[in-house]
Amino acid sequence: MSLFKARDWWASVLGEGEEFDQGCLCVGDVDNSGSGYDKIVVGSFMGMLRIFSPHPAKPDEQTEADAQLLEVQLPDPIIQVEMGKFVSCSELLHLAVLHPRKLSVYAVSGTAGNVEHGDQYQLRLVYEHNLQRTACNMTYGPFGGVTGHHFICIQSMDGMLMFFEQETYAFGRFLPGFLLPGPLSYCIRTDSFITVSSIRQVECYRYETLAVATDADTRQDSDQQSKSSGKRLTADWTLVLGEEALDICVPNTSSAMSSIFVLGERNLFCVKDNGQIRFMKKLEFNPCCFLPYGSVSEGSTNILMCNHNNMLLVYQDVTLKWVAQLSCVPVAVRVANFPELKGLVVTLSSDGHLQCSYMGTDPSFFTAPKVDAREVNYDEVDTEMKMLQKVIREASKTQDILPRAETEEELTLTAIVSSHLDEVSCAVIPEMNGMPVPSVTVKVKIKNRGAVHSPKMTVCVQPPLGVTQDQFVLDSMGSGCELVVRFSAFLNGHYPPADLCGDIAVSYSSATERYRIQSESFEDIWLVAKELVQRFDRHFASLGVKDFRNSFTGPIPLPEFFETVDHHFELRVNAQKYQDLLSERAVQFRAIQRRLLTRFKDKTPGPLQNLDTLMEGTYRQVIALADAAEDNRERLIQAFTRLRSATHLLILLLSLWQGLSSEQTAILEATLLPLLQDTPQLGWEESVDAAVSHLLKTCLSRSPKDQAISLSTGPLTIPKDTSRLKKHITLLCDRLGKGGRLSLSSEANVPTTVMMPVGCESIPEPIVEQEEEPPLQQESAKYIKKKQPSKKIKSKSDSSKESSREKKEKDSSKEKEPKVSSNESKRESAKESKEPSKDKESTREKESSKESGKEKTKVSRKSSVKVKEKKSEAGDS
């Protein structure tokens, strides 16, 4: 940021939606008024040509309308504008306008007005040349030492230099080794042209060498004729830059030696006219344009340079003299003289901000008032500091990564999906021979509070779904407007109905008030379980029941979930193997092709040595591998869809198991479902592993001391296996079962208090490394009874054994009762829905007493063994 700002002298905004480049600005006495003052000529890519004569504005005067002399709409885009003596029968200045396929020369004349509207200016076409090639840029000068006139050289996009001696086309030459056009400039002292080629080197061609070189209409003719007859075009000298050039300028400051200035992407080069480097300046910014001009001190040159940080810098050779802040990023800069002020800096931005400014400071007559000296009250300062620290702590507590919902949104989107299929299908799949497929209409209502200009809406759906239109450009909306957008969703691809169905059984036990959901496929349970929970919530909410709560007490089905993860990971590994094998066979196929091509081109043909058979076999292998990779890709997409369903089910069970709030459920869902779809660069396994590890090191750490201060942010790559991921997910469930709280705030690692019975203490979590995780605890907390005499422990263990046997018999008798279930291979996931009633409380007390009895039985057995071991050790001693 500069301390000084460029002072605005005159400014204007040209048009709306027009674009400009570095060749669209030039200054000079275009109307040949003889006053010695300049006018500004600006051309745009939209074909609009404007001429300005700026002057400072008075308080009660409109500047822009008075300053603009002429505005003409030309039929073609304007690439570059230049002023020079381009007419043979006149030494007046004319305006040359370069179009992509045309060069036009105009005469600008002004007529004094007889009325109050002022002078009138006209643009008259003198001559024009139709170009056979698309033009890129042009330069002009007294080519060949001609006096009193200027010739024009145009560089085309395919590397041809076309020379025009005013109204006559002279000749054209192709630059050797041309690939892309670069900046072009003319040096009067050496009568040569300087450009930068695509190999990043400065090349100098003399006009005499270009004139006597072989003429050709096409590049192929030029190459052929240069080998047979005529003089071949060669550069006078070259200089390697090592970077792209943005512009070239040759100022006429000295007749003894000419300096060629080349602006690169990171450096400024000053080269003598014989190709030797005079100096080089390394830039610490990204430049956008520059202008060398004469300096007051002899032997040096001043340089105006603009960068993409809105800065205007003034250099004297390599020394920085001044820096000023501009209001925009210019693409062209010039120096002009106007009646009120000389040496103004004229800048033009890419979107049409034309500005005349000067550097310096305006004097300020403001004097700061004296501040009354008073003593500092340290008690008040201390009190204010404590209050501010308290505010900072409160703010840090409530900081969260998740965005907060505002009271009223600026823009509201509401999607309504029809419950019935469309009577007439709106979707057609080209891969299925244009056969219409069933579709469902989706309506999106858009409502906004403020005005919105040309809003755009993008619709993204997860495969295998597709939509008839995914991009919408809407009309401008005023405040409080509402729009409705309609489109249809359909199943995109070959998916038979068998892939979209599943066998699920739901049973209810009135004795235990539990619902049991069973299915052969683990991931199929999610949709039914989610719908069941939502129906419970809606039903009891309509009845006005406030203390209703869904819960899940069964074990978390992690083995079934891990099977789905392993299947998805196996397909990802297979995809990588297919890719590697396909690359190897492709390399082998290309090598065989080269061998055969060499044999076929040989003048003395020899035996193929079974290369054709090897090529055919390799081709069959490539086709087989490609088909296998495509089949594996389709299976991977289906496996990822099943994995998402299984993950949704796991999140639902965890939220019901621990009673997670909506914020904690959102964090858990963002952790276990970070991707919408798999990509070759980033997969589900490594993303989830990184997210779960982050939670285990932050909010689910064992204590605030163990919380990670700095987390590693290395690149995510596909793991070797899923063992590490399984251990982390298991540890995540275990930490949640022990009362861990999911949060992204600064105090997320504060553990929640768990209520325990009197005389019991929780089992401490073993200290393990990151690779060794403890097994999943099925209940939320386990307790140990305090040490008691061994006799009581033995008696309690005996009684617990008898009670456990009775319970087993009861359970076996209950299993004989008929239930809605399937084969033993079916995986089960039980979900309990409890209604608020007195019977529920009694059943809860019974179940808790049974579970406590089981726990006491396990603890008594362990403690009795410990007591026996102690006695045996005492006897040995």
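For this chain, numbers begin at 1 and follow the sequence in order.
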message = Using the rule given for side-chain contact (heavy atoms from CB on, under 4.5 Å), can you reason through Ile40 versus Cys356, listing the C-alpha separation, both sets of side-chain angles and the distance that settles it, and then say yes or no?
response = CA-CA 10 Å; Ile40 302 176; Cys356 298; 3.7 Å; yes
request  = Apply side-chain contact (heavy atoms from CB on, under 4.5 Å) to the pair Val622 and Leu582, showing each step before the final yes or no.
outcome  = CA-CA 6 Å; Val622 170; Leu582 195 59; 4.0 Å; yes
key: Steps toward side-chain contact (heavy atoms from CB on, under 4.5 Å) verdict (Tyr121, Ile51)   = CA-CA 10 Å; Tyr121 288 84; Ile51 301 177; over 6 Å; no
Residue pair Met311, Val323: steps toward the side-chain contact (heavy atoms from CB on, under 4.5 Å) verdict = CA-CA 7 Å; Met311 307 294 291; Val323 180; 3.2 Å; yes
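Other residues, nucleotides and ligands place no more than 12 heavy atoms under 6.0 Å from the CD atom of Gln132. Within a 6.0 Å sphere centred on CE of Met46, other residues, nucleotides and ligands contribute 12 heavy atoms or fewer. Remark: Gln73 CD is packed, more than 12 non-hydrogen atoms of other residues, nucleotides or ligands lying under 6.0 Å away. Taking a 6.0 Å sphere around CD of Glu128, one finds it holds more than 12 heavy atoms contributed by other residues, nucleotides or ligands. Around the CD atom of Gln122, the shell of radius 6.0 Å holds no more than 12 heavy atoms that belong to other residues, nucleotides or ligands.
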Show the atom names and distances, to 0.1 Å, of all donor-acceptor pairs under 3.5 Å that link a side chain in residues 18-30 to residues at least two apart or in another chain.
residue	atom	partner	partner atom	Å
Glu18	OE1	Ser44	OG	2.7
Glu18	OE1	Arg50	NH1	3.4
Glu18	OE2	Arg50	NH2	2.8
Asp29	OD1	Ser33	N	3.2
Asp29	OD1	Ser33	OG	3.0
Asp29	OD2	Ser33	N	3.2
Asp29	OD2	Gly34	N	3.1

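Contact check for Phe269 versus Glu243: side-chain heavy atoms found under the 4.5 Å cut-off. Contact of the Leu95 side chain with the Val105 side chain is not registered, since no non-hydrogen atoms from C-beta on lie closer than 4.5 Å. Taking 4.5 Å as the limit, some side-chain heavy atom of Leu98 sits within range of a side-chain heavy atom of Leu131. Between Gln155 and Leu175, some side-chain heavy-atom pair lies under the 4.5 Å cut-off. The shortest side-chain heavy-atom distance between Thr717 and Glu686 does not fall under the 4.5 Å cut-off. Residues Met138 and Leu103 are in side-chain contact: their nearest non-hydrogen atoms beyond the backbone lie under 4.5 Å apart. Contact annotation: the side chain of Ser327 never approaches that of His353 to less than 4.5 Å [non-hydrogen atoms, C-beta and beyond]. Residues Cys306 and Leu312 meet the side-chain proximity criterion, which asks for heavy atoms closer than 4.5 Å.
Pairing each heavy atom of Glu203 with each of Ser197, the nearest pair is OE2-OG, 3.2 Å. Nearest approach of Val262 to Ala245, heavy atoms of both residues: CG1-CB, 3.9 Å. The minimum heavy-atom distance linking Asn274 with Gln276 is given by the pair OD1-N, 3.3 Å. The minimum heavy-atom distance linking Ala135 with His99 is given by the pair CB-O, 3.8 Å. When all heavy atoms of Asn267 and Lys282 are compared, the pair lying nearest together is OD1-CA, 3.3 Å. Considering all non-hydrogen atoms of both residues, Leu326 and Ala6 come closest at CD2-CB, 3.7 Å.
The main-chain N or O of Tyr293 is never found under 3.5 Å from a side-chain atom of Asn302 such that the two would form a donor-acceptor pair. Side chain of Arg173 to main chain of Leu210: a donor-acceptor pair is present (N/O by atom type, distance under 3.5 Å, no hydrogens or angles). A donor-acceptor pair is defined here as one N or O able to donate and one able to accept, closer than 3.5 Å; such a pair exists between the side chain of Asp38 and the backbone of Asn337. In this structure, the side chain of Asn137 engages the main chain of Gly182 through a donor-acceptor pair within 3.5 Å. With Trp237 contributing its side chain and Asp273 its backbone, the two residues share a donor-acceptor pair below 3.5 Å. At distances below 3.5 Å, at least one donor-acceptor pair connects side-chain atoms of Asp317 with backbone N or O atoms of Thr301.
Checked against the 6.0 Å centroid criterion, the rings of His150 and Tyr140 qualify as a close aromatic pair. Ring centroid separation for the pair Phe164 and Tyr127 does not come in under the 6.0 Å cut-off. For an aromatic pair to be called close, the ring centres must be under 6.0 Å apart, and Phe290 with Tyr315 fails this. Checked against the 6.0 Å centroid criterion, the rings of Phe143 and Tyr186 qualify as a close aromatic pair. Residues Trp9 and Phe338 bring their aromatic ring centres within 6.0 Å.
By the side-chain contact (heavy atoms from CB on, under 4.5 Å) test, Pro77 pairs with Pro100, sequence neighbours left out. Residues passing the side-chain contact (heavy atoms from CB on, under 4.5 Å) test with Thr458 are Cys460, Gln471, sequence neighbours excluded.
Expressed to the nearest 0.5 Å, how far CZ of Arg266 lies from CZ of Phe285 amounts to 10.0 Å. Note that CE of Met162 and CZ of Phe174 are 9.0 Å apart. Values are rounded to the nearest 0.5 Å. Note: Cys270 SG to Ile277 CD1 = 9.5 Å, rounded to the nearest 0.5 Å. Taken from CD in Gln355 to CG in Asp8, the straight-line distance is 4.5 Å, to the nearest 0.5 Å. With values rounded to the nearest 0.5 angstrom, Leu241 atom CG is found 10.0 Å from Arg200 atom CZ. To the nearest 0.5 Å, the span separating SG on Cys136 from CG on Leu184 amounts to 9.0 Å.
In this pair, Phe163 and Phe193 present their aromatic rings perpendicular. The plane angle is above 60°, beyond the 30 to 60° band.
Each of Arg585, Arg590, Gln588, Gln593 was scored for a side-chain hydrogen bond (donor to acceptor under 3.5 Å, both in side chains) with Thr618, with one residue passing: Gln588.
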